[in-house]
Number of protein chains: 2
Amino acid sequence: MPDRLPHTLRSDALDNRERILDAARALFSADGLDVPMREIARRAGVGPATLYRHFPTKQVLATEAFADQLRACRAIVDDGCTDPDPWRGLCLVIEKICELHARDRGFSEAFMSTFPGAPDVAGREYTMKAVAGLAQRAKDAGCLRSDFVLDDLILILMANKGIHTRSTDTQVMASRRFAGLAIQAFQACPQHAPLPPAARLVSAAPDSA
Amino acid sequence: MPDRLPHTLRSDALDNRERILDAARALFSADGLDVPMREIARRAGVGPATLYRHFPTKQVLATEAFADQLRACRAIVDDGCTDPDPWRGLCLVIEKICELHARDRGFSEAFMSTFPGAPDVAGREYTMKAVAGLAQRAKDAGCLRSDFVLDDLILILMANKGIHTRSTDTQVMASRRFAGLAIQAFQACPQHAPLPPAARLVSAAPDSA
DNA sequence: ACCCAAGCGGACGGGGGCGTCCGTTAACGT
DNA sequence: ACGTTAACGGACGCCCCCGTCCGCTTGGGT
């Protein structure tokens with residue numbers, strides 16, 4: 001008489017769970033978050049009910065599916081912050097994050113859509129602070145223009161999301177060039193004109209960098 | 001015995017037509033092209049059939065609804081090309097077009113979606129040439145970086161489309177700042193590093209500026 | 001005042017996505 | 001080997017959008 005708590009999934013259930021996550025990752029990456037749930041189920045070779053049992057909502061599924069992408073995101077930021085040259089670090093962050101988003105349309109959508117202020121902010125606040133620090137150091141080094149604000153980074157990320165082509169390769173290439181342009185725009189330069197005022201995109205930022 | 005060809009609409013029909021166009025403009029602008037046709041009909045105070053009778057497809061409706069936006073677009077380009085200072089002209093074009101797109105989400109979507117190469121290119125080819133000429137002059141004047149290509153403009157437009165906030169005012173503000181950054185990135189500058197290669201976004205361009 | 005066709009819009013059938021229920025299958029512990 | 005129950009998935013009802021048909025209204029010419 002097995003009365004232990006079902007903290008452990010049955011082997012086939014676990015297998016299905018993995019296949020669902022794989023399918024979700026593949027479809028989200030290629031087509032964005034708007035793919036129907038049933039399509040994910042179909043691709044995973046399970047019924048709709050199974051999909052919903054494991055992940056009651058698309059939000060949950062996306063969160064789980066993009067867990068490692070999010071980890072990669074953090075790693076990129078950490079790497080950038082660790083770089084002895086803050087400007088180089090910031091450039092790396094911009095380039096890498098843009099590429100990550102370009103490669104994975106679904107992640108990009110999910111990432112930006114949660115920005116308005118979901119309680120998912122587990123480590124975001126912290127990450128934000130880290131980037132803010134990096135930016136401040138880049139400014140102090142005279143590499144980053146002094147009127148840069150964190151919202152500019154969000155702006156670039158949103159804009160990068162707008163770049164959309166049929167082939168992923170083209171998309172990555174375009175995104176790379178875009179990142180290059182953004183970096184160029186951020187670089188301190190004696191001849192640069194003052195920018196129009198920044199719009200408040202991320203509400204939670206007591207002191208912007 | 002009225003047997004003349006019905007080249008002229010009945011007065012009520014014409015009225016409805018205008019109301020439909022107004023409703024379409026309002027909804028497209030605010031919510032993008034994805035609004036249901038019936039919502040447009042509802043807002044215009046007509047039945048679905050009437051809407052479909054006047055505009056058999058959403059494409060047609062959008063084309064008619066955005067006719068003047070398109071005209072405005074051309075006017076902006078013309079103005080820019082007329083400016084004696086080509087760099088100033090180019091900057092104006094970028095700023096104005098970005099703002100136009102920011103103010104009208106539907107137009108932005110429609111404009112970019114037809115880019116892949118619809119036969120709607122009535123005057124686009126010509127406009128493109130005009131901008132290419134403007135860019136060339138700006139380069140010759142030493143204001144525009146020499147590795148600029150026309151695709152960079154498309155890139156910026158696509159990116160601008162990605163900027164999306166709830167309030168239109170915030171959106172315009174953000175878009176303005178974005179345009180400022182783009183201009184900064186395009187400006188010739190002794191210290192600028194080489195950019196990653198441009199991706200081919202608009203196929204029809206024998207000689208890029 | 002009358003007529004008639006241009007114009008109208010409610011209503012319909014089709015299709016697709018959503019989330020859930022429930023009868024069936026098969027994993028796992030004994 | 002067997003029983004229990006976790007897990008499965010086909011099928012259902014719901015809602016929204018689409019595009020069209022057809023009986024009714026009304027503009028406008030005589």
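Every chain is numbered from 1, with letters handed out A, B, ... down the list of sequences.
- Distance B:I20 CD1 to C:dG7 C1': 12 Å, rounded to the nearest Å.
- Taking atom CD on A:E18 and atom C1' on D:dA7, their separation rounds to 16 Å, with Å as the unit.
- Of the side-chain N and O atoms in B:H54, one or more sit less than 4.0 angstrom from OP1 or OP2 of C:dC8.
- The side chain of A:Y52 lies closest to C:dC18, out of C:dG9, C:dC18, D:dA7.
- Heavy atoms of A:A49 sit under 4.0 angstrom from at least one base atom.
- Atom C1' of nucleotide C:dC28 and atom CG of A:D12 are separated by 10 Å, given to the nearest angstrom.
- Comparing C:dC8, D:dA6, C:dC18 by their nearest atom to the side chain of A:R10 picks out D:dA6.
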- Task: Evaluate the criterion side-chain hydrogen bond (donor to acceptor under 3.5 Å, both in side chains) for residue pair A:N16 and A:T50; output intermediate values, then yes/no.
- Result: CA-CA 8 Å; A:N16 277 338; A:T50 300; 5.4 Å; no
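- Atom CZ of B:R19 and atom P of C:dC8 are 9 Å apart (whole Å).
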- Message: Is there a salt bridge (Lys or Arg N to Asp or Glu O under 4.0 Å) between B:R176 and B:E99? Walk through the geometry before answering.
- Response: CA-CA 7 Å; B:R176 245 199 273 267; B:E99 170 148 0; 2.9 Å; yes
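- Going from atom NZ of A:K58 over to atom P of C:dG17 covers 10 Å, rounded to whole Å.
- Residues B:A62 and B:F28 share a closest heavy-atom pair of CA-CE1, 4.0 Å.
- In the set D:dG9, D:dC8, C:dG7, the nucleotide with an atom closest to the side chain of A:V46 is D:dG9.
- Residue B:P48 has its side chain nearest to D:dT20 when only C:dT20, C:dG7, D:dT20 are considered.
- The side chain of B:P36 lies closest to D:dC17 when the candidates are D:dG27, C:dG19, D:dC17.
- Closest of all the heavy-atom pairs between A:A198 and A:V149 is CB-CG2, 3.6 Å.
- Between the CG atom of B:D15 and the P atom of C:dG7 there is a distance of 13 Å, given to the nearest Å.
- With distances taken from any side-chain atom of B:N16 to the nucleotides D:dG9, C:dC8, C:dA27, the minimum falls on C:dC8.
- Taking every heavy atom of both residues into account, B:F148 and B:K139 meet most closely at O-NZ, 2.9 Å.
- Set against C:dG9, D:dC8, C:dG7, the side chain of B:A13 has C:dG7 as its closest nucleotide.
- Of the candidate nucleotides C:dA27, D:dG9, C:dC18, C:dA27 has the atom lying nearest to any side-chain atom of A:S11.
- Closest approach of A:F66 and A:L33 over heavy atoms only: CE1-CD2, 4.1 Å.
- Taking atom CD of B:E39 as the reference point, atom P of D:dC18 lies 10 Å away to the nearest angstrom.
- Nearest to the side chain of A:R38, among C:dG19, D:dA6, D:dG19, sits C:dG19.
- The shortest distance between the side-chain N/O atoms of B:R53 and the OP1/OP2 oxygens of C:dG7 is not below 4.0 Å.
- For D:dA7, neither phosphate oxygen OP1 nor OP2 lies less than 4.0 angstrom from any side-chain nitrogen or oxygen of A:T50.
- Atom-to-atom, CG of B:L9 to C1' of C:dA5 comes out at 14 Å; the value is rounded to the nearest Å.
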